[in-house]
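Model, not experiment: these values are computed from the prediction. Residue numbers start from 1 in every chain, and the chains themselves are labelled A, B, ... in the order their sequence lines are given, proteins ahead of strands.
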2 protein chains.
Amino acid sequence: MSRPSKRARTSDALVQAALDLFEQQGYEATTVGEIARAAGVTEMTFFRHFPAKEQVLLDDPYDPGLIAAIGAQPLDDPPFLRAARGVRGAWRALPEPEAPVIRRRVRLIAATPALRGAMWRSTGNTEAAIVGQLVDDGAPVEVARVAAAAVLAALVTGLYTWAESASTSLADAIERALDVIEVRA
Amino acid sequence: MSRPSKRARTSDALVQAALDLFEQQGYEATTVGEIARAAGVTEMTFFRHFPAKEQVLLDDPYDPGLIAAIGAQPLDDPPFLRAARGVRGAWRALPEPEAPVIRRRVRLIAATPALRGAMWRSTGNTEAAIVGQLVDDGAPVEVARVAAAAVLAALVTGLYTWAESASTSLADAIERALDVIEVRA
DNA sequence: CCCAAAATGTTAGCTGCTAACATTTGACCA
DNA sequence: TGGTCAAATGTTAGCAGCTAACATTTTGGG
């Protein structure tokens with residue numbers, strides 16, 4: 001039952017300081033040096049914890065649950081629908097306690113063009129994983145790529161409107177975003 | 001019938017030099033200074049023509065034809081389908097003479113993570129225009145946003161696979177990408 | 001041909017980010 | 001408890017992207 005390692009504590013301090021400063025003065029107006037100083041640490045140390053300024057807001061953990069949920073969709077459905085419904089299922093099953101923190105982060109990202117770009121690039125892992133699953137299940141690569149990209153785009157957009165809106169539940173927002181894409185004729 | 005203005009000539013020289021250097025040594029390994037020198041000009045001048053290094057590859061002209069094509073889709077269809085079919089129609093009508101240049105650019109973008117992010121951010125104008133059209137035609141904003149994002153994601157992904165593939169026609173590639181998304185139940 | 005405006009050059013500086021080396025701090029064990 | 005080795009941090013130096021302010025040249029139209 002040791003207290004969190006020093007590394008973890010520093011990381012947290014940096015993330016907190018960054019969130020506060022970004023919200024106060026905006027992302028671009030905030031210097032990595034400022035963040036570091038506010039966290040009681042050096043600029044160099046910041047970059048030892050995060051490879052780039054943006055990464056203090058964007059960690060994109062590869063999510064095995066999501067991939068499994070997609071794999072569990074009926075193989076007869078077109079890849080696009082399998083991906084969409086898989087994402088839907090995975091998020092429905094997700095706990096929402098961290099919602100407030102997520103909202104702060106997403107709100108900042110949505111409001112900063114540079115971060116929107118970074119966000120998109122940072123979904124690379126997830127996108128690759130989805131493509132992998134779809135291809136394993138027999139979809140052609142080009143098809144899988146488009147399906148993954150479109151579904152993730154919908155998901156991210158849903159996140160943005162959720163973050164900006166006042167009080168909706170995260171799961172509901174995701175569901176509504178996916179409804180837009182899963183058109184039933 | 002005056003020859004192209006000096007500004008235009010310098011811009012072209014910069015774009016050409018950038019394309020060549022990027023292909024030879026990669027995007028990140030190429031310096032703005034190098035590009036400028038290869039174009040017979042100063043680094044400062046580069047930034048007077050393009051606000052950022054990426055922008056030498058990514059100009060995103062707002063496309064009125066595309067918006068019109070979306071507006072022309074049946075109002076009864078769901079926004080997502082209207083956007084997808086509008087994009088389909090607009091690209092089908094497009095001339096393909098510039099395909100070789102486009103391919104060089106897109107190939108570079110597809111191969112460079114940093115540029116993929118920038119590409120995504122640079123579609124912002126188009127995305128906003130699509131959202132505007134859909135909303136004007138009665139769609140709720142949140143719905144329009146998701147529809148526009150998903151369709152553009154599919155389009156861009158289609159562009160990427162087209163650029164990497166050998167000889168397909170651009171229009172065909174786009175069509176196939178949109179086929180993935182427009183699932184008919 | 002001439003001259004205002006446009007295009008370019010110069011210098012200086014800030015911020016993000018990296019490398020290489022020195023120093024401190026902390027966790028674990030004798 | 002005290003020591004020890006590795007992890008975490010600090011320092012310095014430097015490059016690349018990008019901006020600002022001011023000086024200089026070039027252009028194209030009257």
Side-chain angles (χ1 to χ4, degrees), chain A residues 1-19 21-22 24-59 108-109 112-122, chain B residues 1-22 24-59 108-109 112-119 121-122:
Chain A
M1 270 293 114
S2 54
R3 54 188 221 176
S5 74
K6 171 151 199 184
R7 179 168 187 84
R9 264 180 296 144
T10 312
S11 266
D12 285 358
L14 284 169
V15 171
Q16 289 310 321
L19 274 176
L21 287 172
F22 289 164
Q24 287 169 27
Q25 352 172 334
Y27 173 80
E28 335 246 9
T30 304
T31 274
V32 173
E34 290 182 82
I35 303 174
R37 191 150 28 86
V41 109
T42 293
E43 182 179 340
M44 246 316 359
T45 295
F46 178 98
F47 286 110
R48 277 202 259 262
H49 284 258
F50 307 96
K53 186 183 175 185
E54 345 150 336
Q55 293 300 318
V56 78
L57 289 184
L58 312 165
D59 61 301
L108 275 168
I109 297 168
T112 313
L115 284 179
R116 283 169 163 264
M119 167 75 148
W120 186 247
R121 192 183 28 181
S122 114
Chain B
M1 268 297 116
S2 54
R3 56 185 222 182
S5 74
K6 171 151 200 185
R7 178 168 189 84
R9 264 179 297 145
T10 311
S11 267
D12 286 356
L14 285 169
V15 171
Q16 289 310 321
L19 273 176
D20 292 342
L21 288 172
F22 289 164
Q24 287 169 26
Q25 352 170 334
Y27 174 80
E28 335 247 9
T30 304
T31 274
V32 172
E34 289 182 83
I35 302 173
R37 191 152 26 86
V41 111
T42 294
E43 182 179 341
M44 245 318 359
T45 295
F46 178 98
F47 287 109
R48 277 202 261 263
H49 285 257
F50 306 95
K53 186 183 175 185
E54 345 150 336
Q55 293 300 317
V56 79
L57 290 185
L58 311 165
D59 62 299
L108 275 169
I109 298 168
T112 314
L115 284 178
R116 282 169 164 264
M119 168 75 147
R121 191 182 31 182
S122 115

Practice prompt. Could you go through the side-chain contact (heavy atoms from CB on, under 4.5 Å) check for Lys53(B) and Phe50(B) one step at a time?
Written response: CA-CA 7 Å; Lys53(B) 186 183 175 185; Phe50(B) 306 95; over 6 Å; no
Worksheet item: How far apart are the C-alpha atoms of Thr112(B) and Phe22(B), what are their side-chain angles, what is the distance that settles it, and do they pass the side-chain contact (heavy atoms from CB on, under 4.5 Å) test?
Response: CA-CA 10 Å; Thr112(B) 314; Phe22(B) 289 164; over 6 Å; no
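Listed candidates were dA7(C), dT9(D), dG9(C). Nearest to the side chain of Val41(B) is dG9(C). Of the candidate nucleotides dA21(D), dT25(C), dA7(C), dA21(D) has the atom lying nearest to any side-chain atom of Arg48(B).
Between Thr42(B) and dG9(C) there is a side-chain polar atom (N or O) within less than 4.0 angstrom of OP1 or OP2. Between Thr45(B) and the phosphate of dA7(C), there is no side-chain N or O to OP1/OP2 separation shorter than 4.0 Å.
As rounded to whole Å, 14 Å separates atom P of dA7(C) from atom CG of Asp12(B). Going from atom NE2 of His49(B) over to atom P of dA7(C) covers 7 Å, rounded to whole Å. dT25(C) atom P lies 18 Å from atom CZ of Arg7(A), rounded to whole Å. Distance Arg9(A) CZ to dG26(C) P: 7 Å, rounded to the nearest Å. Rounding to whole angstrom units, NZ of residue Lys6(B) and P of dA5(C) are separated by 19 Å.
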Identify each atom pair where a protein N or O and an N or O of nucleotides 17-19 of chain D are less than 3.5 Å apart, giving names and distance.
{"unit_1": "dG17(D)", "atom_1": "OP1", "unit_2": "Lys53(B)", "atom_2": "NZ", "d": "3.0"}
{"unit_1": "dG17(D)", "atom_1": "OP2", "unit_2": "Val32(B)", "atom_2": "N", "d": "3.2"}
{"unit_1": "dC18(D)", "atom_1": "OP2", "unit_2": "Lys53(B)", "atom_2": "N", "d": "2.7"}

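Between Leu14(A) and Phe46(A) there is a side-chain heavy-atom pair separated by less than 4.5 Å.
Checked options Leu58(B), Leu57(B), Asp59(B); the residue passing with Ser122(B) is Leu58(B) (criterion: side-chain contact (heavy atoms from CB on, under 4.5 Å)).
Residue pairs that meet the salt bridge (charged side-chain N to carboxylate O under 4.0 Å, His left out) test with at least one member in residues 36-51 of chain A, sequence neighbours left out, do not exist here.
Judged by distance alone, with hydrogens and angles left aside, the side-chain atoms of Glu34(A) form a donor-acceptor pair with the main-chain N or O of Thr31(A) at under 3.5 Å.
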